[in-house]
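Okay, structure first, notes after.
Atoms within each ligand, like the ligands themselves, are counted from 1 in listed order. Quick note: numbers below take in every heavy atom, side chains included, and nothing from hydrogens, waters or symmetry partners. Numbers here are sequence positions counted from 1.
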Amino acid sequence: MAILRITKHGEPVLKKPSASVVYEALRPELPRLLKDMWATMYAAKGVGLAAPQIGLNLRLSVVDVRPEGKAQRLVLINPEIVSREGVMAEEEGCLSVPGVFARVKRCARVRLRALDARGEPFEMEAAGLLAKAFQHEVDHLDGKLFIDRLPFTEKLRVLSLIKDLRRDWT
Ligand code: NI
């Protein structure tokens with residue numbers, strides 16, 4: 001198990017749309033990769049981590065929003081949002097943009113389809129924090145960060161803040 005460096009805003013790997021996972025091809029690497037992703041996510045106190053955030057352009061994310069304070073580990077391989085409803089605008093942050101938080105417009109409820117860690121397809125309905133996490137993670141796999149969803153003036157504010165914060169990023 002290793003705690004990996006998390007890539008930061010400005011690094012090309014975060015901008016590039018990730019390739020679909022061929023489950024059988026990834027399978028030998030997957031247990032170790034997932035262990036490292038969980039360790040990295042929990043060490044950084046995040047609720048989600050996408051493969052591009054550890055430098056891999058693969059459609060793979062892990063999510064644990066800890067409903068009622070208990071772990072609920074979800075592995076999302078090739079995730080897709082298959083339906084969406086309603087609107088919410090809640091504060092968001094990202095381990096790849098540390099120190100930056102902003103309200104992002106998202107769908108209030110979504111249905112996600114993905115493969116789990118064993119390669120089995122599943123679908124899951126989500127609202128609130130989990131719905132936000134699902135949309136945030138799929139964005140990562142499409143090469144998008146939450147700040148890319150902000151209105152223009154808000155994005156300018158955030159970009160100038162990032163200029164200052166970047167000096168302390170590792
Ligand atoms: Ni993120």
Side-chain angles (χ1 to χ4, degrees), residues 2-21 33-67 71-81 84 87-110 112-117 124 126-151 154-166 168-170:
I3 293 170
L4 307 172
R5 179 184 170 269
I6 296 176
T7 56
K8 303 297 186 304
H9 172 262
E11 294 180 47
V13 70
L14 291 171
K15 278 256 171 198
K16 196 176 151 194
S18 288
S20 291
V21 169
L33 182 56
L34 289 175
K35 266 188 199 155
D36 290 350
M37 287 179 77
W38 287 123
T40 302
M41 188 195 89
Y42 288 126
K45 299 193 185 334
V47 297
L49 186 76
Q53 294 181 280
I54 56 160
L56 293 174
N57 275 127
L58 284 177
R59 300 190 80 83
L60 163 67
S61 284
V62 295
V63 169
D64 182 2
V65 299
R66 290 182 277 271
Q72 185 194 25
R73 291 175 171 218
L74 298 170
V75 172
L76 315 178
I77 297 173
N78 299 335
E80 281 174 83
I81 308 251
R84 42 193 104 221
V87 179
M88 63 178 171
E90 285 181 30
E91 186 141 285
E92 240 170 88
C94 179
L95 297 175
S96 292
V97 200
V100 176
F101 298 90
R103 242 168 231 283
V104 183
K105 218 170 141 186
R106 299 280 190 191
C107 301
R109 288 172 300 282
V110 299
L112 178 115
R113 179 185 298 156
L115 302 180
D116 67 16
M124 197 169 172
L129 184 53
L130 188 58
K132 185 163 87 171
F134 282 170
Q135 293 169 84
H136 183 113
E137 291 310 313
V138 172
D139 271 0
H140 270 300
L141 306 182
D142 290 335
K144 264 191 218 123
L145 295 175
F146 78 100
I147 61 170
D148 298 322
R149 295 209 171 263
L150 298 175
E154 176 72 351
K155 186 163 182 191
L156 287 184
R157 180 189 72 82
V158 161
L159 287 176
S160 86
L161 179 61
I162 287 174
K163 241 194 205 165
D164 291 334
L165 292 173
R166 188 181 291 286
D168 299 322
W169 289 358
T170 49

### Task
May I ask you to determine how many protein N/O/S atoms are under 2.8 Å from the Ni ion (ligand 1)?
3
### Query
Is atom NZ of Lys15 surrounded by more than 12 heavy atoms (other residues, nucleotides or ligands) closer than 6.0 Å?
no
#### Entry: Pair Glu92 + Arg149: basic N to acidic O under 4.0 Å
no
### Query
Got a salt bridge between Glu154 and Arg157, using NZ or NE/NH1/NH2 to carboxylate O under 4.0 Å?
yes
### Query
Which pair of non-hydrogen atoms, one from Thr7 and one from Ser96, has the smallest distance, and what is that distance?
O-OG, 2.7 Å
### Task
Taking all heavy atoms of Val62 and all of Val75, pick out the closest pair and write down the distance.
CG1-CG2, 4.3 Å
#### Entry: With His140 via ring pair (Phe, Tyr, Trp, His ring centres under 6.0 Å) - residues at least two apart
His136
